[in-house]
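Here is the structure we will look at, set down as structure tokens.
Counting begins at 1 with the first residue of the sequence.
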Amino acid sequence: MSKPTPADRALRALADAVGESRPRRPEDGDDPDVPVAATVVIVRDAVAGPEVLMIERPDRGSFPGAWVFPGGKLEPADRAEADDTRVDRTESDELVAARRAGVRETAEETGLRTDAVALVPLSCWDPPPGLPLRIRTWFFLVPDPGGDMTLAADEVIAAAWVRPADMLARHGRGEITLYPPTWVTLHTLADQPDADALLGVARIGGIRRFETVARRGGEGAVLLWQGDAAYDEHAPADPAARHRLELASLPWIYTRTD
């Protein structure tokens, strides 16, 4: 019997999600009862190509043993009225609060002080409905603010500047634990030539919404998003359209046809 790899931890959790999830409803993506979190992707240039800062979680708590970006759940103070972090008048109160939370959590976990107005929203992830614990998470990109890191010992056991493609390769070999939002974010940022190009992915592309549906395909778990032919069984769609992450085996396969 083969020894479980770090990646197996996420696969077990995702298999549970498939079994526990239910069909999506129109109101799921903005459900006010779902907790909200923020995560911050800090980017910098390096000799071998642009890098992002990632941290390794302890073998307990949220995302045990996984490599993630700094971040955490919103606190009441993050939702306080303050327009100094509202970059655009059209931004929702939730996005503004998430930006504040991202700055706070990054400082708490790494000691790095980011500028709230410099955080560029990249994506918003809503987990499959029906799970016992759902957290809607905003992802932001921001340039490296510089300074020394001071890691929160109870929340972070390691930190590293890495190239996105290198982390995807390590995950594909079963060496590390990644969860789908982190994996897809790394995939989105891979192969960009420099840090400005990484930031441009968010600035030019706008906010990407991932309102997730979990299904069991012929070979294993599959996560579906808007634009996939199988996303909504009751809505007509191009049968060839794909926006999905196949999780049956390593390396995971992400397909987006638009």
Is a side-chain N or O of Arg215 found less than 3.5 angstrom from the main chain of Ala230, in a donor-acceptor match? yes

Indicate, with yes or no, if Val40 and Val120 share a hydrophobic cluster defined by side-chain heavy-atom contacts under 4.5 Å among Ile, Leu, Val, Met, Phe, Trp and Tyr. no

With heavy-atom distances below 4.5 Å as the criterion, would you say the side chains of Val103 and Leu119 are in contact? yes

For Asp191, I'd like to know if atom CG has over 12 heavy atoms of other residues, nucleotides or ligands within 6.0 Å. no

CD-CD1 distance between Glu246 and Ile253, expressed to the nearest 0.5 angstrom: 5.0 Å

Worked verdict on Val162 versus Val52 for side-chain contact (heavy atoms from CB on, under 4.5 Å): CA-CA 6 Å; Val162 298; Val52 297; 4.0 Å; yes

Quick test of your reading of the model: are Glu105 and Lys73 salt-bridged, counting only N-O distances below 4.0 Å? no

Has Arg244 got a side-chain atom pairing as donor or acceptor with Tyr254's backbone, closer than 3.5 angstrom? no

Expected output: side-chain Arg136 to main-chain Asp31 donor-acceptor under 3.5 Å: yes

Are Asp126 and Arg209 close enough for a salt bridge, meaning some N to O gap below 4.0 Å? no

So which heavy atom on Ala38 is nearest to which on Ala98, and how close? CB-O, 3.1 Å

Answer whether the closest heavy-atom distance between the side chains of Val36 and Arg79 falls below 4.5 Å. yes

Which heavy atom of Leu198 sits nearest a heavy atom of Pro50, and at what distance? CD1-CB, 3.7 Å

For the residue pair Trp67 and Trp183, is the inter-centroid distance of their aromatic rings smaller than 6.0 Å? no

With the threshold set at 4.0 Å, does a side-chain nitrogen-carboxylate oxygen contact exist between Arg44 and Glu51? yes

Could you check whether any side-chain N or O of Thr182 sits under 3.5 Å from a backbone N or O of Val68, counting only pairs where one atom can act as donor and the other as acceptor? no

Closest non-hydrogen atom pair between Pro70 and Ile55, with its separation: CA-CD1, 3.8 Å

Is it true that atom CG of Asp154 has more than 12 heavy atoms of other residues, nucleotides or ligands lying nearer than 6.0 Å? yes

Can you see which heavy atom on Ile135 is nearest to which on Ala37, and at what distance? CG2-CB, 3.6 Å

Report the C-alpha distance between Ile207 and Leu95 in whole Å, list the side-chain angles of each, state the deciding distance to 0.1 Å, and finish with yes or no for side-chain contact (heavy atoms from CB on, under 4.5 Å). CA-CA 11 Å; Ile207 300 172; Leu95 188 158; 3.6 Å; yes

To the nearest 0.5 Å, atom OH of Tyr179 lies from atom CZ of Phe63 at 7.0 Å

So Trp252 and His171, would you call those rings parallel, tilted or perpendicular, with 30° and 60° as cut-offs? perpendicular

As a quick check of understanding, evaluate side-chain contact (heavy atoms from CB on, under 4.5 Å) for Leu199 and Val43, giving each step before the final call. CA-CA 8 Å; Leu199 294 165; Val43 306; 4.0 Å; yes

Inspect the contact between Asp78 and Arg104 and indicate whether a charged nitrogen and a carboxylate oxygen are less than 4.0 angstrom apart. yes

Would you say that Val201 contacts Leu122 through its side chain, given a criterion of any heavy-atom pair below 4.5 Å between the two side chains? yes

Consider only side-chain N and O atoms of Glu211 and Trp125, and report whether a donor and an acceptor are under 3.5 Å apart. no

Any chance you could measure Phe139, atom CZ, to Leu189, atom CG, to the nearest 0.5 Å? 10.5 Å

Checking Val184 against Leu245 for the side-chain contact (heavy atoms from CB on, under 4.5 Å) test, could you report, in this order, the C-alpha distance in whole Å, the side-chain angles of both residues, the deciding distance, and whether it holds? CA-CA 8 Å; Val184 172; Leu245 182 62; 4.1 Å; yes

Is the Lys NZ or Arg CZ of Arg99 less than 6.0 Å from the centre of Trp138's six-membered ring, within 45° of the axis? no

Nearest heavy-atom contact between Pro239 and Ala229 is O-CB, 3.7 Å

With a 4.5 Å limit on heavy-atom distance, are the side chains of Val41 and Val142 in contact? no

Just how far is it from atom OG1 of Thr188 to atom CZ of Arg256, taken to the nearest 0.5 Å? 8.0 Å

Show the nearest heavy-atom pair for residues Pro145 and Ile42, with the distance to one decimal. CD-CG2, 3.9 Å

Would you check if Thr185 and Thr39 make a side-chain contact, meaning some heavy-atom pair closer than 4.5 Å? no

Euclidean distance, Met149 CE relative to Trp161 CH2, rounded to 0.5 Å: 6.5 Å

Sub-3.5 Å donor-acceptor pair from the side chain of Thr106 to the main-chain atoms of Gly102, do we have one? yes

Check side chain to side chain donor-acceptor pair (under 3.5 Å) between Glu109 and all other residues, then give those that pass, not counting sequence neighbours. Arg57

Could you state the interatomic distance from NE2 (His243) to OG1 (Thr257), rounded to the nearest 0.5 Å? 9.0 Å

Would you say the side-chain atoms of Asp28 pair up with the backbone N or O of Arg25, donor to acceptor, closer than 3.5 Å? yes

